[in-house]
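Heads up: the structure comes next, in structure tokens.
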Amino acid sequence: MNHKNRHSYYLTVISGLALILLVVMVLDILFEYYELSNLQQQYDAKLSGTSYTWHCAFITDNYDNAFWNSVYESAREQGSKSDIYVEDFGKNLYITYTTDELLRMAIAANVDAIIVEATGQDSTTALIDEAVEKGIAVSTVYKDDIDSARFSFTGVNSARMGYEYGKLALQHSSGKQLSVMVLLDSAESSAEQRLLISGIGQASEEADRSFSLDTIMLNSSTTFEVDERVRGLLREYHDSVDIIICTDLEQTQAVSQTTIDLNYVGDFTIIGSYQNSSVLEALKNGVIAANLSVDTAQMGSKAVIGLAEYLTLGHTSDYVSVDINTIGRQNAVQLLAAEARKEGGASNE
């Protein structure tokens, strides 16, 4: 191929790639427009025959999680009392969007308010600020973004959560010197992680018992990655660690199930977070010593109460605390029995 032909070939390839890129960009814009139209149709259908003053987008990147379903349901119920339509934003769309993508769509839809689980990413902070600049009231739940322009946070201070983890660990273990492994979500901001660890340290100081702390980062958004990493960690440390503290539901499920699979039950104490049926079974059977759980119903309702105050009065509390509950073996038995009764009643209807 001579120089002229080679130059023409490269120009053709570059032109082709540029055309493909342009087509992809156009399709992306059209699809986002279609999804926004779909959201508007859902909104109009749900509001048919009902009048609300404000429209709030409720955003999280894990809609299938029982924790978030509970938070949303209480937010929706409180919204109906506060003249606010709280929409589970993006739940019924054709593909799964990230928090940032849903924030951009909510801004484009010109909603009145947004309740969002912060991600700790700079891009999310920038989008929250953009929404506020455009007159949208934004509050965070469960995970905060103190660097953003959000008007309020509803949840639990990380230092307090760490302190409660530390107290539970001490209650379910013996010995003056304890080897503790804390599993953290890599998506959590470093500031929040430091606060949580400091809370655990405070609990050990007050009890005059020292913790040898190891912190392990896990990407809790990928179940397979959590499972594989936990399996490797337990094989390596099961005979040298006294306590494993799991700071989210995914970690708790992975650690408890892997402990059973590898026959490590009793080798160490597991302190978990939140609950579903499998975790409750592990608590009931003594695989997990105890769990901490944020009051999800309280979180959703308080977030909307604060939003209503802000929308009507122009101000509300910067931080709204929710209760932390401890779930032990007896609680697990009662909760599983309640689930069984509920399922039995549903099947008889």
Side-chain angles (χ1 to χ4, degrees), residues 62 64-75 77 141-142 154-174 178 180-183 185 196 199-200 203-204 206-207 220 226 230 242-261 264-303 321-347:
N62 197 347
D64 295 327
N65 186 297
F67 174 90
W68 283 111
N69 284 336
S70 176
V71 176
Y72 169 70
E73 281 304 315
S74 63
E77 290 175 9
V141 288
Y142 182 51
T154 304
V156 179
N157 179 278
S158 293
R160 181 185 165 209
M161 199 75 177
Y163 180 74
E164 296 298 331
Y165 281 128
K167 285 206 310 181
L168 269 184
L170 290 165
Q171 289 170 15
H172 291 86
S173 58
S174 59
L178 298 172
V180 180
M181 179 186 292
V182 184
L183 303 182
D185 184 356
L196 188 140
I200 295 174
S204 72
E206 289 184 4
S220 295
V226 171
V230 163
D242 298 309
I243 300 163
I244 297 179
I245 295 176
C246 307
T247 58
D248 63 35
L249 181 61
E250 289 73 20
Q251 297 167 3
T252 306
Q253 292 181 116
V255 171
S256 59
Q257 187 58 53
T258 305
T259 298
I260 296 170
D261 294 344
Y264 292 158
V265 177
D267 288 1
F268 44 79
T269 298
I270 302 172
I271 303 299
S273 296
Y274 311 111
Q275 79 272 359
N276 58 16
S277 295
S278 65
V279 170
L280 289 173
E281 285 290 347
L283 281 159
K284 172 186 169 184
N285 295 325
V287 178
I288 302 173
N291 269 28
L292 282 186
S293 180
V294 173
D295 191 322
T296 52
Q298 198 178 87
M299 184 183 295
S301 62
K302 283 191 172 184
S321 178
V322 300
D323 293 339
I324 302 174
N325 302 316
T326 299
I327 304 174
R329 185 173 185 175
Q330 190 57 43
N331 303 114
V333 171
Q334 294 169 353
L335 289 167
L336 285 168
E339 282 186 7
R341 286 194 299 271
K342 185 177 180 181
E343 290 175 2
S347 63

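Basis for what follows: all heavy atoms, side chains included, without hydrogens, waters or symmetry-related copies. Keep in mind that what you see is a predicted model, and the values were worked out from it rather than measured. The first residue of the sequence shown is numbered 1, and numbering continues consecutively from there.
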Straight-line distance of Ser256 OG to Asn285 CG, nearest 0.5 Å = 10.5 Å
message = If we count only N and O atoms by modelled type, under 3.5 Å, do the side chains of Gln275 and Asn291 hold a donor and an acceptor together?
response = no
request  = Measure the shortest side-chain to side-chain distance between Asp242 and Val180 over non-hydrogen atoms and say whether it is less than 4.5 angstrom.
outcome  = no
key: Within-4.5 Å side-chain heavy-atom neighbours: Glu339 and Leu280   = yes
request  = Evaluate the side-chain proximity of Tyr165 to Leu168: yes if any heavy-atom separation is below 4.5 Å, no if none is.
outcome  = no
ask   = So do the side chains of Phe268 and Thr259 get within less than 4.5 Å of each other, counting heavy atoms only?
value = yes
Exam field: side chain Gln298 to backbone Asp323, donor-acceptor pair closer than 3.5 Å = yes
request  = Please report the C-alpha distance between Leu183 and Val226 in whole Å, then the side-chain angles of each, then the deciding distance to 0.1 Å, and finally whether the side-chain contact (heavy atoms from CB on, under 4.5 Å) criterion is met.
outcome  = CA-CA 10 Å; Leu183 303 182; Val226 171; over 6 Å; no
ask   = Is the closest side-chain heavy-atom distance between Gln251 and Val230 below 4.5 Å?
value = no
ask   = So, the side chain of Ser74 versus the backbone of Ala297: is there a donor-acceptor pair under 3.5 Å, distance only?
value = yes
key: Side-chain heavy atoms of Ile327 within contact of Val279, under 4.5 Å   = no
message = Whether the Thr296 and Tyr274 side chains hold a donor-acceptor pair (N or O, under 3.5 Å, no angle test) is what I'd like checked.
response = no
query = Do Met161 and Val294 have side-chain heavy atoms sitting under 4.5 Å apart?
reply = yes
task = Ignoring hydrogens and angles, tell me if any N or O in the side chain of Arg329 forms a donor-acceptor pair with the backbone of Leu283 under 3.5 Å.
result = no
ask   = Does any N or O in the side chain of Asn157 come within less than 3.5 Å of the main-chain N or O of Ala159, such that one atom is a donor and the other an acceptor?
value = yes
key: Worked check of side-chain hydrogen bond (donor to acceptor under 3.5 Å, both in side chains) between Gln257 and Ser278   = CA-CA 9 Å; Gln257 187 58 53; Ser278 65; over 6 Å; no
key: Side chain Lys167, main chain Ala203, donor-acceptor under 3.5 Å   = no
query = Is there a side-chain contact between Gln253 and Leu249, using heavy atoms and a 4.5 Å cut-off?
reply = yes
inquiry  = Has Thr154 got a side-chain atom pairing as donor or acceptor with Val141's backbone, closer than 3.5 angstrom?
reply    = no
